[in-house]
Amino acid sequence: MNESAKKAFYITTTLPYVNSKPHMGHALEFVRADAIARYKRLMGFDVCFNTGTDEHGIKIFQKAQEEGVDTQEFVDKNAETFKNLLKSLNISNDKFIRTTDEYHKLAAQEFWKRCFDNGFIYKKTYTGLYCAGCEMFIKEKDLKNGECEIHTGKKLEEIEEENYFFKFSQFGEKLKEYYKENPDFVTPSYRLNELTKMIDEGLEDFSISRLKEKLPWGVKVPNDDEQIMYVWFDALVDYISTLGWPVDSEGQFKKYWEDGETVQICGKDNTQHQALRWQAMLLAAGLPLTNRIIVNGFINSKGQKMSKSLGNVIDPVELVEKYGTDALRYYVLRELSPHEDSDFSIEKFHEAYTANLVNGVGNLVNRILKLAEDYLDKAVDIESKKVFFSQYSDPFDNLDYKKAIDGTWEGVKWVDERIQREEPFKVVKADLEKGKQMIRELVGNLAEVAWHLQPFLPKTAEAIFDAIAKNKKPETPLFPRID
RNA sequence: GCCGAGGUAGCUUAGUUGGUUAGAGCGGUCGUCUCAUACGCGACAGGUCGUGAGUUCGAAUCUCACCCUCGGCACCA
């Protein structure tokens with residue numbers, strides 16, 4: 001295939017904010033984006049998969065101070081923990097951008113300039129209640145008895161501050177038009193209704209900068225030494241700065257963002273930032289909008305939000321250490337709801353692992369390859385099996401990975417049933433040639449399963465192909481029984 | 001408060017425009033095979049489809065009321 005003829009596909013996660021360590025929600029977003037990216041690559045798309053870390057803002061600055069370390073040192077260390085998570089989840093990202101990367105900062109400033117030049121940024125005096133303890137403004141709704149929740153007894157000061165604002169209010173109609181023309185813009189679709197309603201209630205301009213003395217850690221506002229960009233305005237630009245915008249010396253921005261299909265995946269708390277603010281910012285800068293946004297639900301544990309105080313936090317890294325990368329990937333992709341909040345419990349995880357990976361795929365691999373190893377004198381040619389079934393690719397083309405992975409397990413079940421029905425282990429003893437032919441077909445079926453497994457459980461798929469090529473049952477089970 | 005979604009077997013859930021005995025997976029029980037990781041396959045049990053009323057020859061599916069749960073309501077990375 002001609003490289004230049006490949007269709008470009010771009011997918012990006014949101015950038016995790018590195019003020020704390022990675023949690024299951026991050027793992028979920030990474031894995032789902034990864035499955036889509038891997039599928040698109042297999043379908044012949046020229047894929048660019050972006051992720052990274054969001055490293056500016058007051059909270060990070062404060063956290064670093066609390067720990068008594070230099071802010072850059074602090075973010076360097078935390079960015080590393082996210083990189084390690086990506087590695088342990090076997091994420092195939094092509095890019096890893098950090099908002100403290102020099103090229104990103106320059107891009108954020110250029111983005112600001114374009115919006116400013118186009119007349120969508122202005123300066124305005126802002127009056128608010130400032131808590132010296134938090135070193136930030138406290139919103140009216142967060143007041144407890146007229147005081148800051150954390151620093152009770154401390155008097156709040158009414159402070160006037162000049163900040164830059166973004167003319168968000170001007171984009172409501174344009175965004176609604178875009179939603180109308182692109183009904184698939186947001187998945188699940190009811191989120192689009194929520195967004196439309198928000199627009200109807202009126203969009204307010206929002207502040208996009210802070211005084212440098214209050215927020216020393218961030219990207220400088222162009223042509224104003226007193227002001228630092230508020231994190232959002234800086235961070236959102238990463239989706240294009242990672243592609244080399246604005247310089248675009250390698251043509252990636254043009255290829256992926258302008259000419260390709262663009263997909264963003266995010267958590268539900270991020271919906272409006274991705275689908276509303278960021279899109280308005282793109283309009284302001286005169287750039288194409290995102291094609292699709294996929295919104296994930298949250299993960300609860302035992303019906304409640306995971307939190308340290310409840311002691312119900314499940315660490316993705318620990319789970320990977322015990323059950324393996326593909327076990328976690330499987331659970332996140334198949335057993336959790338694609339868009340609604342879901343409950344994550346070790347018990348359910350363990351049950352699903354045993355039922356579908358140990359007794360399902362793992363056992364199927366062993367039973368077929370034992371027969372192959374014993375009765376076939378050479379590896380089966382499986383080249384013709386390396387295609388996707390339409391029941392799988394049709395929904396997956398539309399980013400519905402859940403239907404695709406469900407279909408894969410229907411395939412596993414079908415092969416198990418076939419073995420039971422045809423009893424090749426008996427036939428091979430009565431009629432060797434006929435039995436061998438059956439086993440060859442089963443190896444072919446196994447190859448089909450492995451092919452469809454690739455976007456979801458890449459290591460497992462690879463291990464199956466490898467075992468088929470060697471015509472040997474794996475030395476150790478793909479998914480060991482864990483008690 | 002406003003807007004929206006939904007309440008289906010122990011758990012997770014499928015059920016486009018109303019139509020034969022409401023499907024599936026997991027879990028449970030029983031049976032069975034032996035190639036396989038005590039795995040697989042088969043069978044069974046288990047549902048007044050939130051409650052009440054209405055429309056209809058016929059409703060989980062339409063209408064109304066009520067109960068309950070959940071989500072969104074903006075600068076929370």
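Since we're looking at a predicted model, the values are computed, not measured. In what follows, chains are A, B, ... by sequence order, proteins preceding strands, each numbered from 1.
The aromatic rings of A/Phe233 and A/Trp112 sit perpendicular to each other, their planes meeting at more than 60°, with 30° as the lower class boundary.
Dashed line: the shortest gap from a side-chain N or O of A/Tyr164 to OP1 or OP2 of B/C75 is not under 4.0 Å.
Every residue was checked against the side-chain hydrogen bond (donor to acceptor under 3.5 Å, both in side chains) condition with A/Gln170, not counting sequence neighbours, and none meets it. Among residues two or more places apart in sequence or in another chain, the ring pair (Phe, Tyr, Trp, His ring centres under 6.0 Å) test is passed with A/Tyr178 by A/Phe185. A/Lys426 is linked by a salt bridge (Lys or Arg N to Asp or Glu O under 4.0 Å) to A/Glu423, counting only residues two or more places apart in sequence or in another chain. A/Asp397 meets the side-chain hydrogen bond (donor to acceptor under 3.5 Å, both in side chains) test with A/Tyr39; sequence neighbours excluded. By the ring pair (Phe, Tyr, Trp, His ring centres under 6.0 Å) test, A/Phe49 is found to be paired with no residue, residues two or more places apart in sequence or in another chain being considered. Residues passing the side-chain hydrogen bond (donor to acceptor under 3.5 Å, both in side chains) test with A/Lys370, sequence neighbours excluded: A/Asp374.
Atom C1' of nucleotide B/C3 and atom CG of A/Leu195 are separated by 13 Å, given to the nearest angstrom. One atom, NE2 of A/His339, and another, C1' of B/C70, lie 17 Å apart when rounded to the nearest Å. The CD-C1' distance, from A/Glu373 to B/C35, rounds to 12 Å in whole Å.
Nucleic acid contact for A/Glu204: base, since at least one base atom lies under 4.0 Å from a heavy atom of the residue. Residue A/Asn356 is out of contact with every strand shown, counting any heavy-atom pair closer than 4.0 Å. Here A/Lys429 lies in heavy-atom contact (under 4.0 Å) with sugar-phosphate atoms only. Residue contacts shown for A/Arg191 are limited to sugar-phosphate atoms, with no base heavy atom under 4.0 Å away.
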Dump every N/O contact between nucleotides 4-15 of chain B and the protein below 3.5 Å, one line per pair.
none

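Considering only the side chain of A/Lys268, B/G72 comes nearest among B/U34, B/G72, B/C35. Closest to the side chain of A/Phe206, out of B/C75, B/C33, B/C2, is B/C75.
Pairs passing the salt bridge (charged side-chain N to carboxylate O under 4.0 Å, His left out) check and including a residue from residues 472-483 of chain A, sequence neighbours excluded, do not occur. Evaluation of the salt bridge (charged side-chain N to carboxylate O under 4.0 Å, His left out) test over residues 265-274 of chain A, restricted to residues two or more places apart or in two chains, returns A/Lys268-A/Asp341.
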Item to complete: Whenever both distances are under 3.5 Å in a Watson-Crick or G-U wobble pair, mark it; put RNA chain B into dot-bracket that way, with [ ] for crossing pairs and | when the partner is on another strand.
Response: (((((((..((((.....[...)))).(((((.......))))).....(((((..]....))))))))))))....
Worksheet, complete the sentence: Per-nt protein contacts along nucleotides 36-46 of chain B (heavy atom under 4.0 Å; B base, S backbone sugar-phosphate only, - none) come out as BB-SBSS----
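To the nearest whole angstrom, the two C1' atoms, one in B/A45 and one in B/U29, are 7 Å apart. Using atom P as the reference point in both B/A9 and B/G52, the two lie 16 Å apart (nearest Å).
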Show me the side-chain donor-acceptor pairs of residues 325-334 of chain A shorter than 3.5 Å, one per line, residues at least two apart or across chains.
unit_1   : atom_1 : unit_2   : atom_2 : d
A/Thr325 : OG1    : A/Ser88  : O      : 2.6
A/Thr325 : OG1    : A/Lys459 : NZ     : 3.4
A/Asp326 : OD2    : A/Lys459 : N      : 3.4
A/Asp326 : OD2    : A/Thr460 : N      : 2.9
A/Asp326 : OD2    : A/Thr460 : OG1    : 2.6
A/Arg329 : NE     : A/Phe456 : O      : 2.6
A/Arg329 : NH1    : A/Asp34  : OD2    : 2.7
A/Arg329 : NH1    : A/Leu89  : O      : 2.9
A/Arg329 : NH1    : A/Asn90  : O      : 3.2
A/Arg329 : NH2    : A/Asp34  : OD2    : 2.7
A/Arg329 : NH2    : A/Pro455 : O      : 3.1
A/Arg329 : NH2    : A/Phe456 : O      : 3.2
A/Tyr330 : OH     : A/Arg334 : NH1    : 2.8
A/Tyr330 : OH     : A/Glu335 : OE2    : 2.7
A/Tyr330 : OH     : A/Asn356 : ND2    : 3.0
A/Arg334 : NE     : A/Asp406 : OD1    : 2.6

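A/Phe120 and A/Phe116 have their aromatic ring centers separated by at least 6.0 angstrom. Ring centroid separation for the pair A/Tyr392 and A/Trp409 does not come in under the 6.0 Å cut-off.
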